[in-house]
Amino acid sequence: MSEPTDKDLIVEVLKGNTESFEPLVVKYQPRVFSLARRYARRENEVEDIVQTVFLKAYSKLSSYRGDAPFEHWLMRTATYTCYDFLRKHQRNREWNASDLSEEENDWFENIGEESKDETNLKAAKSLVDKLLDELKPQDRHIIILLDLEEKSVKEIAEITGLSESNVKVKAHRAREKMRQAIVRLNPEKYI
Amino acid sequence: MRESEDILRKMLTETREIKLDKVPYAFEKRIMSHIQETPQTDLNLWKLWSRALFKAAIPCFSLMILAAIWASSQYPTPQTERASEIKNTTTVHAETENSDLETIVMIAVDPPNIDD
């Protein structure tokens, strides 16, 4: 017997068969976790975001029309939830060279080398998180979607409600701010 | 010395390569237990609304009929209004038969308003 499709499961949930929602959670939770980890650093915050996404999806399931894949609809809900999280937990912290960990300093030291090991990649992520901390929530949201989730400018404009040119301008300014932060974090290479 | 733009590009590229999709053990069970705790009001909102609307239709219709019956008994219809006008005219005419010539002339000059 073939596995039920997303649409079959949704119909079952809407009929009142709550258990049919579980296969949808199992299927899409890695994707939602991946997005949530771009926005939140602490694991308990990430789990709260993912939980909110699925509870929202469940309660609004009757509004899903089925004209786009369920994954798109769910990921849009996830994106809005992540942005809500950013707005509520606005940090706007400015980091300095003295705040860098050993791994992060090593990343700058070995910048010319092409390394794919886990420690190096984690250090890069940690540095990007520090740069993102300095941005306003909306700019941070745009950079995550554009440079990390690799969404198109058009998609971001639809998600944020901004015009495409406005998204480009905000992304340009945000990247400029991140570049300035890199100079501040790693001054010995520039001064 | 590298340009800050190159450094940023390298940082972003490496950040994209990290796999962030690890799911805690039995996380779906946690979601499902939350779902089973929450009432399904939002899900069945339309169903509840249409059911309430259907139940309300019969009392509303009965109330409308009663109101219509009561209203028709309170206000004269065009037919009853016409009958009342004819009655008034006849009364005036009957009164004039017993009056003297002066009254008849006065009535001819200034006829009484039937509406009054």
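So that the names make sense, note that chain A is the first sequence line, chain B the second, and so on, each numbered from 1.
The pair Arg16(B)-Glu149(A) does not meet the salt-bridge criterion, since no charged nitrogen lies less than 4.0 angstrom from a carboxylate oxygen. Ion pairing between a basic and an acidic side chain is recognised when a charged N comes within 4.0 Å of a carboxylate O; Glu14(B) and Lys125(A) show no such pairing. Using a 4.0 Å cut-off between charged nitrogen and carboxylate oxygen, Arg30(B) and Asp48(A) count as a salt-bridge pair.
At a 4.5 Å heavy-atom cutoff, Leu35(A) makes no contact with chain B through either its backbone or its side chain. Using a 4.5 Å cut-off between heavy atoms, Lys19(B) does not touch chain A at all. Met11(B) touches chain A through backbone and side chain together, each having a heavy atom under 4.5 Å away.
In this structure, Trp107(A) and Lys10(B) have side chains that are in contact, with non-hydrogen atoms separated by less than 4.5 Å.
Between Arg179(A) and Leu8(B) the shortest heavy-atom distance is CG-CD2, 4.0 Å. Across every non-hydrogen atom of Val50(A) and Ile31(B), the tightest pair is O-CD1, 4.3 Å. Summarising the geometry of Phe27(B) relative to Gln51(A), their closest heavy-atom pair is CZ-N, 4.2 Å, with the distance given to 0.1 Å. Across all their heavy atoms, Val183(A) and Ser4(B) have their closest contact at CG2-CB, 4.2 Å.
In terms of modelled atom types and a separation under 3.5 Å, the side chain of Arg37(A) and the main chain of Lys22(B) share a donor-acceptor contact.
Under the 4.5 Å side-chain contact rule for hydrophobic residues, Ile159(A) and Ile49(A) share a cluster.
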